[in-house]
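Positions are given from 1, in the same order as the sequence printed here. Ligands are counted one by one from 1 in listed order, and the atoms in each one are counted from 1 as well.
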Amino acid sequence: MRKPIIAGNWKMFKTLPESVAFVKELAPRLGAYSGVERVVCPTFISVAAVSDALQGTGISVGAQNIHWEAQGAFTSQIAPGMLQGLVEYVIIGHSECRAYLNETDETVNKKVKAALAYGLKPIVAVGESLQQYEAGETETFVGGQVRAALNGVDAANMANIVIAYEPIWAIGTGKNATSDLANSIIGGTIRHTLVELYGNEIAQSVRIQYGGSVKPDNMFDYMSQPDIDGALVGGASLKVEDFTRLVEEAAKAKGV
Ligand code: 13P
C-alpha cells in the first residue's frame, strides 16, 4: 500500500520564531497519526531550526526549492548538499516557481536529478493553467510535464519521488478541482504516464498528491479516492488546528 503523505507548503509565510513555535505546537497533536507521512516545508531561513525542533517526532521537513549545481557563483541559491541532514523532501517545479522564478521543464529535471543524487526526495509539482484546462489540454500538458521532469531518472529512484498534481487554477483560489477530476488526472494521466515510463509495478508504487485549495472539510473526499495518495497544502497548512484536521481526515479516509 502507498503510505499517504500530507505536506504543508508554507510558501513565503512565517518568520523563524513563528515556524518553530508552530511545529512545537503541531508535533504532539500529530503524534498518533504515524500511518500518515507528515511533512512541513518552511522557508529556507527556518529549515534548520524547524528540523531541530522536529527531531524524534516522526514529522519530516521539506525545502521549497533547490539549485541543481553542487556549489558556485549563484547568488541567492541553495545547493542540494546544503540541505542534507536537514530535510528529507524538496518541492521542485511548483507552479509559482515556474511562473515567477523562470523554472522550466528543463530546470525541473536538473533539480530532480540533483536532489536524488544528494539523497533528497523530490516532490515534483505539475499542473495546468486555467486556459489549458478550458482548452482540454490538461492530459497532454501534465503528461508532458511528468515526462520532462523524469527524463533520465532511472526506475530504482522512483521509490524516492512523490508527484503533486496541482492545477494552477485551483491554487489559493478556493476553486478546488472535484475529487473525481483530480483522481482521473492522477490515476489516469499521471499514473499511465508512469506505466509507460517504468512499467505497472513501479507506477502503482509511486505516491501522487493532489494540491489546490485543499481544506480540512474537503480532505476526506480527496483521500477517499483510490489514486490520490496525499495532499500538498498551502493556506490550510498555516494553522495548527487545520493542519491537524487535514492529517486526521487523511488517516480516517485511508483507514490508517
Ligand atoms: P493552496 O492550498 O493555498 O491552494 O495552495 C496549494 C499549493 O500551492 C501547495 O503547494
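Of all protein heavy atoms, the one closest to atom 2 (O) of ligand 1 is Gly234 N, 2.9 Å. Residue, atom and distance of the protein heavy atom nearest to atom 9 (C) of ligand 1 are Glu166 OE2, 2.8 Å.
Within the 3.5 Å criterion, the main-chain N or O of Lys11 finds a donor-acceptor partner in the side chain of Gln64. The main-chain N or O of Thr104 is found under 3.5 Å from a side-chain atom of Thr107 such that the two form a donor-acceptor pair. A donor-acceptor pair is defined here as one N or O able to donate and one able to accept, closer than 3.5 Å; no such pair exists between the side chain of Arg207 and the backbone of Ile161. Using modelled atom types, one side-chain atom of Lys254 and one backbone atom of Met223 make a donor-acceptor pair closer than 3.5 Å. Without hydrogens or angle criteria, Ser237 side chain to Gly8 main chain gives no donor-acceptor distance under 3.5 Å.
Less than 4.0 angstrom separates some heavy atom of Gly235 from each of these atoms of ligand 1: 1 (P), 2 (O), 3 (O). Applying the 4.0 Å criterion to heavy atoms of Asn9 picks out, from ligand 1, the atoms 9 (C), 10 (O). Heavy-atom contacts of Ser213 reach the following atoms of ligand 1: 1 (P), 2 (O), 4 (O) (cutoff under 4.0 Å). Close approach of ligand 1 to Gly212 is summarised as follows: ligand atoms under 4.0 Å from at least one heavy atom of the residue are 4 (O), 6 (C). Every atom of ligand 1 with a heavy atom of Lys11 under 4.0 Å away is listed here by number and element: 5 (O), 6 (C), 7 (C), 8 (O).
Here Ile171 has heavy atoms under 4.0 Å from ligand 1 in both its backbone and its side chain.
Among Gly172, Ala164, Ser95, the residue whose heavy atom lies nearest to atom 4 (O) of ligand 1 is Gly172.
Checked by distance only, ligand 1 and Lys215 stay at 3.5 Å or farther apart across all their nitrogen or oxygen atoms. Ligand 1 has no N or O atom lying under 3.5 Å from any N or O atom of Ala236, backbone or side chain.
Under the 4.0 Å criterion applied to side-chain N and carboxylate O atoms, Asp221 and Lys215 are not assigned as salt-bridge partners.
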Legend entry - Verdict with reasoning, Leu197 to Arg147, per side-chain contact (heavy atoms from CB on, under 4.5 Å): CA-CA 8 Å; Leu197 295 173; Arg147 281 174 192 282; 3.8 Å; yes

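Applying the side-chain contact (heavy atoms from CB on, under 4.5 Å) test between Val247 and each of Glu37, Met219, Arg38 identifies Arg38 as the sole match.
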